[in-house]
Structures are given as C-alpha cells and as structure tokens.
Amino acid sequence: MSRLFRHVILSAVLCGASAASADEIPPAERKSGYEQMGREIRAMQDDDSANPAMLWVLDGEALWSLKAGAAGKSCADCHGDAQASMKGVAARYPAYSPALARPVDLEQRINMCRTDQQQATPLPAESKELLVLSAFLARQSRGVPVEITDDRLRPFVERGGELFTRRQGQINLSCAQCHDDRWGQRLAGSLIPQGHANGYPLYRLEWQTLGSLQRRLRNCLTGMRAELYPAGAPEYVDLQLYLKSRARGLAIEAPAVRP
Amino acid sequence: MTARTLVSVPKEARRGEVIAIKALISHDMETGFRYDNTGKPIPRDIITQFVCLYNGIEVFRAELHPAISANPFIAFYTVATESGKIEFKWNGDNGFSAAESVTIAIA
C-alpha cells in the first residue's frame, strides 16, 4: 500500500516536472496565429484594400522619401527603392548592432538611422511616425521566412528564451506555459496562439490601431500581472529575438491583423 | 496628419456589371463615452457621414455612429453604368472632411 502510494506521489511529481519544463513546439506543429483566426479576420488581413494596417503602410511609404533632420536626407536617399532594398530585412530582425554590441529591433534601427544619418531627433516609441515606417519596412518582407542566423545573437536568444520560460507576476506564469504548452486552448474566451512574432507591427482589433511587438509584450506582462520592464529595456529585445528565432521558417505576414 | 484613405474600385467593368467598392479611412472614432486619466470626458470626435457619388449621382450613403470602430471600412456594391468618376466623401465632428476619387472605364 505504502509502495503504491509512493509510486503515485512520484508519478505526480514527474508529471508536474514535465509540465513545468516547457518544450519548444516541434517545427512540424509550428503555425502562425493566422491559422487560428476566424474566416472574417483572415479575409481582412489577406485583402490589402480591407486591411486597416495598409493605412500605416501608405503613410510610411510617403515618409520614406520625405527629407528630415539637419542632414536633409530621406530614407530613400540612402536606401533607394524599399521594395528591393528592404525585402527580407524584417525577417531577420532584431539584428546585431556592432556599435552597441547587442541586438536592436527594427524600430530602434530606424531611430539609429534617424540620429546618425539624418541627424534628426529620434521618433518616440510607439509614435505614429515610427509605426508607419516600421509597418512600411515590414511590408516589404511579406512572404519571406523568418530566419535568425547571426552567431553573435546566440547569447541574446538564450537570454530571451530564459525570460520566456521564467515564471513571473502575481499569478506566477511564464510565457511558455500558455504559448508552448497550452496553445489551441482557451484563456477565458480567447484562443491561445503559439505566439509567433511573424506579423508585427500589426493591427489589433482590440487596440483599434496598429502596434509594435513591444506593445504586445507589455500587454502580456500586464495580463500576467507582472512588473513591466522599463521602457526600451533590453529584455524586450531579447524576448523579441527569442520569439523570432522560435518562429523561424514561418512567413512574414506584416502588417498582419489579429483579434 | 490628414486622414489617409484607401479605396478599391475595379479599373474597368462591363456595362451593367455589379461591382464591389471598398473604402477605408484612418480615423480614431473617439466615442465621447471615454474618460482620460484625470477623469475628464474625452469629447466625441467621429466621422458622421459617408457618401459615394458616381458621375455626380449619389449611389451610396451611410450615417456613422459612436459604436463604429476606428478606421471605418465600408464595402458595398453598385452597377457599372458608364465610364467616369467615382467620388467618396467623409464628413464628421470638428469640421472633419476627406475626399477621394477614382476613375472607372466601361467596356
């Protein structure tokens, strides 16, 4: 009897342990949040004349060739036609910046260009100007598979992965507990997606606007009742990088539409 | 920044063909029911009216209300009658107005 009892306890502990240590989703089962959406929202994303994020892309296209800063240069003056020069860029961001010796996301990269090349003031995070530019850039990579290959990024990907699996907040949850272990199930009324970062910046119906991946991460942290990382903290970029590396092989859908 | 519009009309159509028209515009559609961080109500600021003219003849009209989402998207159908201009007009609170026009050729 006592042996049976011990056996039950032991298996319970083992089950608990296997549930807590989340495994990455195997490549064959990896799918974009797109596939878990309803027909109507998918149609909205697929049709460029119905996708509200295209309003940002069009604004971004206009801003691309607008001269700014003391240098009086536009993005197009250096980079030319974005359709050719920016294709695939969003698929490999966040990318390593040798100057900072750490990864930067697309929005930070835009601001580096602004301060260094255009000699203009950096655009505030989540501002309309920054979002229209990143939406326009990301749009040029639509269909390109996500790929994070730079070896210099490895320690940052690992750090992001560590943040992803770390329990935090008042309800003591990790990102992985929902997005690795329980995707496809429901959190209250909402379907839990795998949490791949292949559509950002994206139009979220709940926000009624377009937002960055950092905004989404802050949303998740608030939902977990965890303390937010300070604005612009490296943790956000490490997490974004891990999410990107976790989404490798999925096609960029930016700018996507999500509920 | 002025309102960005995005309209979709077929460039060509056969006479008598039923064509789909889609019109999207950037607008916050502030309902007037929300409060800011200091508890002050945020005044209503919405688009109230949308009109579509086909060679000067009104073919579609919509009244918009606070429950309509930001960046309103309106899709409807009309019959392609003759070549010419299709105009779109949006009007709203605080003197908001935006217009867009495209041409259509009838084979």
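Note: hydrogens, waters and symmetry copies are ignored here, and every other heavy atom, side chains too, is used. Lettering of chains follows the sequences in order, A, B, ..., and the numbering in each one begins at 1. Model, not experiment: these values are computed from the prediction.
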For this session: Would you mind listing every ring-ring contact (aromatic ring centres under 6.0 Å, His included) that reaches into residues 76-101 of chain B, with sequence neighbours excluded?
Result: B/H27-B/F96, B/F50-B/W90, B/F60-B/F76

Seminar exercise, completed: Among residues 215-240 of chain A, residues within the sub-4.5 Å heavy-atom range of chain B, in order of number, are none

Exercise. Near B/E12 CD, under 6.0 Å, is it more than 12 heavy atoms from other residues, nucleotides or ligands?
Worked result: no

For this session: Return yes when atom NZ of B/K22 has more than 12 non-hydrogen atoms of other residues, nucleotides or ligands closer than 6.0 Å, and no otherwise.
Result: yes

For this session: Name, in order of residue number, those residues of residues 42-55 of chain A that have a heavy atom at a distance of less than 4.5 Å from a heavy atom in chain B; otherwise write 'none'.
Result: A/D47, A/D48, A/S49, A/A50, A/N51, A/P52, A/M54, A/L55

Exercise. So does A/D77 have more than 12 non-hydrogen atoms from other groups sitting under 6.0 Å from CG?
Worked result: yes

For this session: Under the ring pair (Phe, Tyr, Trp, His ring centres under 6.0 Å) rule, collect the residues that match up with A/W64, sequence neighbours excluded.
Result: A/H79, A/F136

For this session: Determine whether more than 12 heavy atoms belonging to other residues, nucleotides or ligands lie under 6.0 Å from atom CD of A/Q185.
Result: yes

Problem set entry | Atom pair CG/CZ of A/D59 and B/R4 - distance to nearest 0.5 Å | 4.5 Å

